[in-house]
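Worksheet for the structure shown next.
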Amino acid sequence: MCDRCHSPHHLPLATKASEARAWDSPANRQQIIWSVVCQIPSGRTASYGEVARRAGVPGLARYVGRTLAQLPPGSQVPWHRVVNAQRRISFSLDSPQGQEQKLRLEAEGITVEKGRVAKRVFEG
DNA sequence: CTAATGACGATTA
DNA sequence: CTAATCGCCATTA
């Protein structure tokens with residue numbers, strides 16, 4: 001069990017046979033997605049859609065966002081490294097969460113300009 | 001039951 | 001570049 005992402009780390013993601021079983025429980029979906037986010041290296045970002053693809057559920061970007069919103073307070077999961085496909089922070093920049101995300105990214109050396117991160121650090 | 005609503009995305013105008 | 005549309009899916013009203 002990974003104390004950072006609240007899930008068994010490096011899950012053997014989805015050989016199609018086991019995939020259906022892994023996704024049958026909401027708790028498992030949570031774990032898989034959090035685990036994937038945990039694997040985004042510091043100083044880089046990934047889109048919601050990319051996280052969904054790596055989790056074995058292409059097209060469910062929206063679901064990823066919903067799941068990140070369910071992270072327990074004080075979680076070590078690097079949720080701030082997830083931005084949208086336009087490389088923009090999905091929160092309003094005025095919002096506390098938008099500010100928080102910007103600060104966290106900058107703390108990793110990622111400059112955020114107009115709510116946008118550089119192409120260099122972005123994995124689609 | 002339907003309708004609206006998101007930490008979304010691809011396409012089109 | 002922005003904005004609108006449609007598809008996506010779970011939750012909520």
Side-chain angles (χ1 to χ4, degrees):
Chain A
M1 176 67 76
C2 169
D3 62 340
R4 266 166 45 88
C5 59
H6 320 286
S7 70
H9 218 157
H10 307 307
L11 291 175
L13 292 181
T15 62
K16 298 205 170 172
S18 61
E19 186 169 312
R21 285 208 45 70
W23 278 85
D24 60 6
S25 132
N28 284 353
R29 299 171 215 179
Q30 239 178 19
Q31 288 183 350
I32 292 173
I33 289 176
W34 291 344
S35 171
V36 168
V37 172
C38 262
Q39 294 171 28
I40 306 172
S42 174
R44 301 216 96 230
T45 64
S47 67
Y48 295 89
E50 174 61 12
V51 171
R53 284 191 292 276
R54 288 191 203 171
V57 285
L60 296 198
R62 209 150 199 161
Y63 191 84
V64 169
R66 237 190 60 70
T67 303
L68 287 184
Q70 297 170 344
L71 279 171
S75 166
Q76 298 300 305
V77 175
W79 55 268
H80 55 282
R81 294 178 193 148
V82 186
V83 297
N84 63 35
Q86 289 73 49
R87 313 199 319 263
R88 299 176 147 292
I89 290 176
S90 284
F91 293 108
S92 159
L93 292 180
D94 312 318
S95 72
Q97 323 181 71
Q99 288 295 309
E100 173 71 11
Q101 185 166 12
K102 181 176 185 290
L103 287 175
R104 286 200 188 197
L105 288 173
E106 289 172 340
E108 295 181 355
I110 300 176
T111 58
V112 181
E113 197 136 348
K114 310 292 197 220
R116 246 176 149 207
V117 303
K119 269 189 282 192
R120 315 310 281 283
V121 302
F122 179 72
E123 322 173 21

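Numbers restart at 1 for each chain; the letters A, B, ... are given by sequence-line order, proteins then strands.
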Find the distance A/Glu50:CD to B/dA10:P and express it as a whole number of Å.
-> 10 Å
Are the side chain of A/Gln101 and the backbone of A/Val82 linked by a donor-acceptor contact shorter than 3.5 Å?
-> yes
Pairwise 5' ranking along DNA chain C for A/Arg62 and A/Gln70, keeping only the more 5' one = A/Arg62
Does any N or O in the side chain of A/Gln99 come within less than 3.5 Å of the main-chain N or O of A/Leu93, such that one atom is a donor and the other an acceptor?
-> yes
Whole angstrom value for the distance that separates P of B/dG9 from CZ of A/Arg54 = 13 Å
Closest to the A/Ala69 side chain: B/dA7, C/dC8, B/dG9?
-> B/dA7
Side-chain donor or acceptor of A/Arg87 paired with backbone N/O of A/Glu123 under 3.5 Å = no
What nucleotide, of B/dA7, C/dA10, B/dG9, holds the atom closest to the side chain of A/Tyr63?
-> C/dA10
Think A/Arg66 has a side-chain N or O under 4.0 angstrom from the OP1 or OP2 of B/dC8?
-> no
Quickly work out the A/Gln86 CD to B/dT12 P distance and round it to whole Å.
-> 16 Å
Round to a whole Å and report the spacing from CG of A/Leu60 to P of B/dA10.
-> 13 Å
Checking all strands, does A/Thr67 fall into the base, sugar-phosphate, or nothing category for heavy-atom contacts under 4.0 angstrom?
-> nothing
Distance, P atom - from C/dC6 to B/dA7, rounded to whole angstrom | 22 Å
Side chain of A/Tyr48, base of B/dA7: donor and acceptor closer than 3.5 Å?
-> yes
Roughly, in whole Å, what's the span from CD1 in A/Ile33 to C1' in B/dC8?
-> 12 Å
Base, sugar-phosphate, or nothing: which does A/Leu68 touch, judged by heavy atoms less than 4.0 Å apart?
-> base
Taken in chain and number order and not counting sequence neighbours, the residues that satisfy side-chain hydrogen bond (donor to acceptor under 3.5 Å, both in side chains) with A/Arg116 are none
Residue pair A/Arg88/A/Gly59 against DNA chain C: nearer the 5' end by closest nucleotide is A/Arg88
For residues 64-74 of chain A, tabulate all N or O donor-acceptor pairs below 3.5 Å that involve a side-chain atom, not counting sequence neighbours.
{"residue": "A/Thr67", "atom": "OG1", "partner": "A/Tyr63", "partner atom": "O", "Å": "2.9"}
{"residue": "A/Gln70", "atom": "OE1", "partner": "A/Gln30", "partner atom": "NE2", "Å": "3.0"}

Can you tell me how far P of B/dA7 sits from CD of A/Gln97, to the nearest Å?
-> 8 Å
Which residues in residues 103-124 of chain A have at least one heavy atom lying under 4.0 Å from any atom of DNA chain B?
-> none
Any donor-acceptor pair under 3.5 Å linking the side chain of A/Arg81 with the backbone of A/Ile40?
-> yes
Do A/Arg104 side-chain atoms and A/Trp79 backbone N/O form a donor-acceptor pair below 3.5 Å?
-> no
